[in-house]
Each structure stands twice: as C-alpha cells, then as structure tokens.
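First the structure, in the form of structure tokens, and then the observations on it.
A note on names: the letters A, B, ... follow the listed sequences, proteins ahead of strands, and every chain is numbered from 1.
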Protein chains: 2
Amino acid sequence: MEKGPIKPVHRRQISTATIDRILSMISDGYWSPGECLPPQRDLAKSLGVGMSTLREALQSLQTMGVLEMRHGSGTFVSSQPFVEPYEKFIDVSVSLGGLDLEMLFEARGIIESGLAFHAVEHATEDQINELFDILQREWECIEAKDHECCHDLDLAFHRLIATMVNNKFLAQIDSTLFKALDQLFRVLPLTKEGWKLHYVVAEAIRDRDSFGASEAMRTLIESSAARYFPYMKVTSHKMEVQ
Amino acid sequence: MEKGPIKPVHRRQISTATIDRILSMISDGYWSPGECLPPQRDLAKSLGVGMSTLREALQSLQTMGVLEMRHGSGTFVSSQPFVEPYEKFIDVSVSLGGLDLEMLFEARGIIESGLAFHAVEHATEDQINELFDILQREWECIEAKDHECCHDLDLAFHRLIATMVNNKFLAQIDSTLFKALDQLFRVLPLTKEGWKLHYVVAEAIRDRDSFGASEAMRTLIESSAARYFPYMKVTSHKMEVQ
DNA sequence: ACTATAAAAGTGTTCTGAACACCTGATGAC
DNA sequence: GTCATCAGGTGTTCAGAACACTTTTATAGT
C-alpha cells in the first residue's frame, strides 16, 4: 500500500484521539498485521503530537493487544491480534466487586458446554483419539497422585475441546476463565469422580451426541464449582446420555 | 485502611511493572473503588518513576477500565469496573483477520443459548411479563414496518434475557457481540418468522423449559446468521420442544 | 575469504522541567 | 444571600536529553 502524508489529529483529548487515529489507520489497512510502524519520534512528528502523548496511546494499544513494542527493534502491528487483554485484570475486577467467583464458574459452564456441543460436529478422528489419550494419561496421574500432571492434563482436556470448535473468540475467553479461576484459588486435584465425568464428555463427542456432550460438560463444570461452593445450587438435570 | 509508605518499583520494563504495582495495590485494597489516587506528580515520586512512565501505566489502566482520569479533578479507581474493553477493538481484530463474522455469530449463539437455559431458573414473573410485553410491541412494529423500533425491541429482548441470568460477565460479552455485529453490517429488520422464534423462546422460559429455551435460542441466532451467510450450515436439530 | 569481535546506527525507554487546560473551592462585590 | 472572579490543585501536553536494547556495519584476526 502506498503511503501518503499522515494527517495530524486535533481534538480535546489528544491522547484518546491518537488512539482512535492509529486504530482506524490499522483498520483501514494503512498498516498491515506484522508490519512495523515508523519510529516513535517520526510518528509523533507526523501525527503532530508530542512523544509522551504518542507513547501513552501506543501503550494503551499494546494493552489492547493491537500493537507490540519491542525495545530496540520497533513497534509492530500484532500479527495475532485479540490476545488475552482480560487475563491481567479479571482478578482486579473480582477484588473491586465487579465480578464474583460463582459468576465466573457459571460463565465457564455456559461457554464450555456450548463448546462441547459444537465440538461434536467439528471433531476429527485424530482429535478424538487425542482426547482419549489424554484421558488415559489422566487416569495414570490420578493413580500416581501426581497433582501437577493432573492439573496440566485437565487444562489440556478443556483446551483440546475448545480447539475442536476452532473459535478463537470463545477459546480465548474460556482460557482466560480457566486461568483466572485457577489463579484465584489453586484448583483442587482431579478426582476419580471428576475423571469419570471427563470420560462421559469424551464418549458423547465420540458418539457424535451434541446434547449428551453439552450436558455432560455442564455437569462437569457444575460439580467442579460445587467443590468450592458446596451451597451452590447444581442444575443437574438428567445425566443420562440420550 | 491505613496507608504506609508506597514502595518503589524496580524491573527492566518499568512501565509494565508500574501497571502491575498499581493493579496489585488496588487488588490488595490499598485504594478502594471510587477512591481518588494521589496527584500524578506525588504518585510518580512515591513510586520512584518518572511522570511520563506513570502516565503510560495510568492510561493503560484506564483502557482496561480500572481507572478513570478526570481532567482537573483527579485519577479515580473505577467504581464500576469491568467496562467494555472489548467493544473498541473487536472491529479492529476483525480487520486484522484475527476474528471473522461467522465466528462471532457462533459465539453469540453459544452464549445466548446458554443464557436462555439459565434464564429459565432465574426469571421472575415480572420479567416474563415484560418479555411478552416486548413481544407484543415487536409485533406492532413489524406490522407498522417501523424498522428502527424493531431493532430497539430486538435488542431489548436479548438484553432482558441476559438480565434474568444476572451474570455481568456474560452479559457484557453478549452485549459487545450484539453491538459489534450490529455495527459491522446493519442488522436486517425483524421478520414475522424471526418474531415467531422470539415467541418460542419466551414460551419456553414461561414454561420453565430449560432445554426448550436453549434450543429455541440457538435456532434463533442461527437463522439470524443464515440471513447473512446463506451458505452457513445450520445445526437445526430438533425444534420440537420436549 | 571467512569468522569473530567491536563499533555505529537505529529504535524504544525513561526522566526532567516547563507550560497549558480544566475543575473546584474560596474570596469578594453586589 | 447570590453571583462573578480568582487562586490553587490536578490532569494534559510538549520538548529535549540521556539511557538501554537490537540490528547492522565495519574492522581485525585467522
């Protein structure tokens, strides 16, 4: 794309205006993903703003996951945008009272059961085999009481199902929720009962049973939540796979 | 809370370290929601960083929705954290190729059908009456061909269901998705067929049928998506309410 | 000619100090 | 008592310099 002169910004809040300008320039294709922006000194000159102001904007855009600033190299448009902007401050939101744990568990239950539903139609044979392979290793870790390994496999189990659906948006949110809940209180080790629920989900996916997978996953998340909130009401409709 | 001396930060990336420090101070309750932070000049001094650096951190935190900077007044901890950080740059992510529309529709389908499922157990009689009231007005607007009004009622319909569940996290994401999809291509006007689907959802909620509500909502979103992507595969399992 | 080291250029990072803009509360005029 | 004005506090923007990291180029040794 040919590069004409960069139009300067003017508005009451120059910092915000600069963010919007850069955002729209990227949106319009002036800069492509992975491309390097001009040096900050030059860019500030071109935009007609001070360097501090420009940097405030760049920093915010980096927080959004749109830009990536590399010391000594340059400022790049993120080639893989939509990173985890949440992650960092979900726990802050919790502390501030904007969110509570049960809400996050509920959200995770909804998203994961939905993912399981859609995983049924997208899963390849290889992925299903991989799923059962994870299950196999989970069982071994449970018997060996290797909690660290259990935890990693648990994450792998959920991540694989999210991968099946191939929906970056939900996968990102789900991953963030998993990490947030994991961080807020170290997740309890996987039990044999939990493993059984994992197995039911895997079976339903293998048998191409959308509703079964969805329900099994809902039960799984709710039973997981119930370990932290014993008083929490569990929906627990019918666990019998159709 | 009593306030001891503020410990200075030290790390290679001072800007990032400052963000983390402030975030953890809020998380630890050093500053409460709605409270005013010290003047930037003083705070920079206390943290042992330059003012530009501090401002870069504050700006990022504002982007996250954690802080609110008011010109001439002060910098405040957001009393209602967890605002819409997504909204601003979802369209940028789309432009950069990180997200595509079908993915967003799929995400919305999953979240909304999950919300509908849970709405069944949380909905009050008043809310259900309100839902049918919206339905009534929708029908009138369709007959009058008042597209603007239809659009608003459509939004109200979905928003009310999200409200029933009382899950801010999902409600926020859902609302963001609605707006993003609405903005990316102005939503098509509500048809009588669409209204019928709305009605099925409302009936299922009234009858306290979780699965019916969930499935009806899935069908609704998918049929909505199908108007934009005729080639898109519609799951459309059984529409018959159990 | 090749490689390893050193220098230089390019770029992001941080700090200081100043001037400006906005909001708020105090002061004074009516 | 009410309103306008002013002064102080606070956020906003800018300019310039010094520093740190990375990449490229130049140099020296083999």
Legend entry - Length of the line joining A:Ile14:CD1 and C:dC22:C1', which is rounded to integer Å: 14 Å

Inset, instruction - Check every atom of C:dT14, D:dT13, D:dT12 against the side chain of A:Glu56 and return the nucleotide holding the closest atom. - result: D:dT13

Inset, instruction - With the side chain of B:Pro39 defined as its heavy atoms from C-beta on, choose the nearest nucleotide among D:dT13, D:dT10, C:dG12. - result: D:dT10

Legend entry - Distance, rounded to the nearest Å, where A:Glu68 contributes CD and C:dT11 contributes P: 17 Å

Inset, instruction - Kindly indicate, with the supporting measurements, whether the criterion side-chain contact (heavy atoms from CB on, under 4.5 Å) is fulfilled by A:Ser175 and A:Arg159. - result: CA-CA 7 Å; A:Ser175 169; A:Arg159 197 185 293 273; 4.1 Å; yes

Inset, instruction - Using a heavy-atom cut-off of under 4.0 Å over every strand shown, decide if B:Arg70 touches base, sugar-phosphate, or nothing. - result: sugar-phosphate

Could you pull out the protein-nucleic contacts involving nucleotides 22-24 of chain D (nitrogen or oxygen on both sides, under 3.5 Å)?
from, atom 1, to, atom 2, distance (Å)
D:dT22, O3', A:Ser73, OG, 3.2

Inset, instruction - Starting from C1' on C:dT14, measure out to CG on A:Leu58 and report it in whole angstrom. - result: 15 Å

Legend entry - For atom CG of A:Asp42 and atom P of C:dG12, their distance in whole Å: 9 Å

Legend entry - Pairwise side-chain contact, B:Ile110 with A:His118, heavy-atom cut-off 4.5 Å (strictly under): yes

Legend entry - Nearest-angstrom distance from the residue atom CD of A:Gln13 to P of D:dT10: 18 Å

Inset, instruction - Using only side-chain N and O atoms of A:Ser52, determine if any of them is under 4.0 Å from OP1 or OP2 of D:dC14. - result: no

Legend entry - Atom pair distance, as rounded to whole Å: CZ in A:Arg55 and C1' in D:dG16: 15 Å

Inset, instruction - Please determine if A:Arg108 and A:Glu106 form a salt bridge, counting it only when a charged side-chain N lies under 4.0 Å from a carboxylate O. - result: no

Inset, instruction - Could you state the atom-to-atom distance from CD of B:Gln40 to P of C:dA18 in whole Å? - result: 18 Å

Inset, instruction - Measure the acute angle between the ring planes of A:His198 and A:Phe157, then classify it against the limits of 30° and 60° as parallel, tilted or perpendicular. - result: parallel

Inset, instruction - Return yes if some donor-acceptor pair links the side-chain N/O of A:Gln127 with the main-chain N/O of A:Thr124 below 3.5 Å, else return no. - result: yes

Legend entry - Length of the CE-C1' vector between B:Met51 and C:dC20, whole Å: 12 Å

Legend entry - Nucleotide of D:dT13, C:dT13, C:dG12 approaching A:Thr75 most closely (side-chain heavy atoms): C:dG12

